[in-house]
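Working notes, structure below.
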Amino acid sequence: QVQLVESGGGLVQAGESLRLSCAASGSIFVINAMGWYRQALGKQRELVATITGGGMTNYADSVKGRFTISRDNAKNTMYLQMNSLKPEDTAVYYCYADLPTPEGYNGRFWGQGTQVTVSS
């Protein structure tokens, strides 16, 4: 059993910043890739950012230059620093982590979601 707990969401004005956290707990030997999805009300889920176990990152074009994904492997925690927020960033943000299973396969685990609302 692995649990991912998200925190850091809230209501901010356009141009302000938020930092989301995603803390994994349980019996964890290693976490491979991690990342963030978001889903706006009535919209399709979209991949926001990913980070490999070695720290290589990728971003959606819509957030590139404004968001930064990072991880602290010692704490099994991932972060999403969101700067220069726009109203179109409003969504529920979900983190995920890819971990090996006891059988040797990779499993994906999900956070509960955290609401980010950006007002204009």
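What you see below is based on every heavy atom in this structure, not just the backbone, and it leaves out hydrogens, waters and symmetry mates.
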> So Tyr59 and Thr68, side chain to side chain contact (heavy atoms under 4.5 Å, CB included) or not? Walk me through it.
Replying inline: CA-CA 8 Å; Tyr59 299 92; Thr68 303; 3.8 Å; yes

> Going through the checks in order, is the side chain to side chain contact (heavy atoms under 4.5 Å, CB included) test met by Leu99 and Asn32?
Replying inline: CA-CA 6 Å; Leu99 283 71; Asn32 297 319; 6.0 Å; no

>> Set out, in order, the CA-CA distance, both residues' side-chain angles and the distance that settles side chain to side chain contact (heavy atoms under 4.5 Å, CB included) for Leu20 and Thr114, then state yes or no.
In response: CA-CA 8 Å; Leu20 306 183; Thr114 186; 4.0 Å; yes

>> Let's go through Val116 and Leu18 carefully: what are the C-alpha distance in whole Å and the side-chain angles of both, what is the deciding distance for side chain to side chain contact (heavy atoms under 4.5 Å, CB included) to 0.1 Å, and is it a yes or a no?
In response: CA-CA 9 Å; Val116 172; Leu18 282 173; 3.9 Å; yes

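Of all heavy-atom pairs between Gly113 and Val92, the closest is CA-CG1, 3.9 Å. Here the closest heavy-atom approach between residue Val30 and residue Pro100 is recorded as O-CD, 3.4 Å. Closest approach of Ala14 to Ser120, counting heavy atoms only: CB-CA, 4.5 Å. Tyr96 approaches Ala33 most closely through the heavy-atom pair CE1-O, 4.4 Å. Minimum heavy-atom separation, Leu47 to Ala60: O-CB, 3.5 Å. Closest approach of Ile31 and Ala97 over heavy atoms only: CG2-CB, 3.9 Å.
Looking at Asn106 and Arg108, their side chains never bring a donor and an acceptor atom within 3.5 Å of each other. For the residue pair Asp72/Thr77, the side-chain donor-acceptor check at 3.5 Å is not satisfied. In summary, the side chains of Glu88 and Thr90 do not present any donor paired with an acceptor at a separation below 3.5 Å, with no hydrogens or angles considered.
Annotation for Lys75: atom NZ does not count as buried by contact number, only 12 or fewer foreign heavy atoms lying within 6.0 Å.
A donor-acceptor pair under 3.5 Å links the side-chain atoms of Arg66 to the main chain of Ser84, judged by distance alone. Glu46 places no side-chain N or O within 3.5 Å of a backbone atom of Arg38 that could act as its donor or acceptor partner. Judged by distance alone, the side chain of Gln112 and the main-chain N or O of Glu6 form a donor-acceptor pair under 3.5 Å. A donor-acceptor pair under 3.5 Å links the side-chain atoms of Arg71 to the main chain of Thr52, judged by distance alone.
For the pair Phe67/Asn83, no side-chain contact is recorded, criterion being any heavy-atom separation below 4.5 Å from C-beta on. Taking the side chain as every heavy atom from C-beta outward, Val2 and Ile28 approach each other to under 4.5 Å.
With Ile69 as reference, Met78 is the one residue of Met78, Gln81, Met34 to meet the side-chain contact (heavy atoms from CB on, under 4.5 Å) rule. The ring-ring contact (aromatic ring centres under 6.0 Å, His included) test with Trp110 singles out one residue from Tyr93, Tyr94, Tyr37, Trp36, and that residue is Tyr37.
To the nearest 0.5 angstrom, Ile51 atom CD1 is 11.5 Å from Tyr79 atom OH. From Ser25, atom OG reaches atom CZ of Phe109 across 11.0 Å, with rounding to the nearest 0.5 Å. With values rounded to the nearest 0.5 angstrom, Leu4 atom CG is found 12.0 Å from Ser21 atom OG.
Using a cutoff of 4.0 Å between basic side-chain nitrogens and carboxylate oxygens, Lys86 and Asp89 are not scored as salt-bridged.
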